[in-house]
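First up is the structure itself, then whatever we jot down about it.
What you see below is based on every heavy atom in this structure, not just the backbone, and it leaves out hydrogens, waters and symmetry mates. Predicted, not measured: the structure shown is a model, and the values here were computed from it.
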Amino acid sequence: MEKINPIPEILGETTDVESWLIRAGLRFSDLGDDADSIAIRKQWREYQAAVQRCCAVLHQPPSCVQLSGDYANLRIPGGASIIKLTH
């Protein structure tokens, strides 16, 4: 049986924080001053730095590159485990 609404695999990277947060089912408005939110903001900065380096080396826009290896865990907020924030 085919899936009616398959979720497409995440291809390419982004420079838009909202798009990045959506990968984990989050919104920017979900972030607060708690430890999880601070960790996600730090991860966003690390993710952006990795994307910028990758784009510069490959001479490609973010949508045409994909982080892998040690940087793959930066692709989705919260790394391997998705963090759900509550207020």
| field | Test item: Ile40 and Leu21 side chains (from C-beta on) under 4.5 Å apart, heavy atoms | value | yes

| said: Which residues pass the side chain to side chain donor-acceptor pair (under 3.5 Å) test with Asp33, not counting sequence neighbours? | reply: none

| note | Ile76 and Arg23 have their tightest heavy-atom pair at CG2-O, 3.9 Å

| query | At their closest point, which heavy atom of Trp20 faces which heavy atom of Leu74, and how far apart are they? | reply | NE1-O, 3.0 Å

| request: Would you confirm whether Arg75, through its side chain, and Gly12, through its main-chain N or O, come within 3.5 Å as a donor-acceptor pair? | output: yes

| message | Among residues at least two apart in sequence or on other chains, which ones pass side chain to side chain donor-acceptor pair (under 3.5 Å) with Thr15? | response | none

| request: Answer yes or no: is there a donor N or O on one side and an acceptor on the other, between the side chain of Ser37 and the main chain of Gly32, under 3.5 Å? | output: yes

| Does some side-chain heavy atom of Trp44 sit less than 4.5 Å from a side-chain heavy atom of Pro77? | no

| task | State which residues pass side-chain contact (heavy atoms from CB on, under 4.5 Å) with Asp16; sequence neighbours excluded, sorted by chain then number. | result | Thr14, Glu18, Ser19

| Which residue pairs satisfy the salt bridge (Lys or Arg N to Asp or Glu O under 4.0 Å) criterion with at least one member in residues 44-54, sequence neighbours excluded? | Lys42-Glu46

| message | In the structure I gave you, are the side-chain heavy atoms of Cys54 and Val51 within less than 4.5 Å of one another anywhere? | response | no

| said: According to ring pair (Phe, Tyr, Trp, His ring centres under 6.0 Å), does anything in residues 52-72 pair up with another residue at least two apart or in another chain? List the pairs. | reply: none

| Rounded to the nearest 0.5 Å, how far does SG of Cys64 lie from CD of Glu13? | 11.0 Å

| Is atom CZ of Arg41 surrounded by more than 12 heavy atoms (other residues, nucleotides or ligands) closer than 6.0 Å? | yes

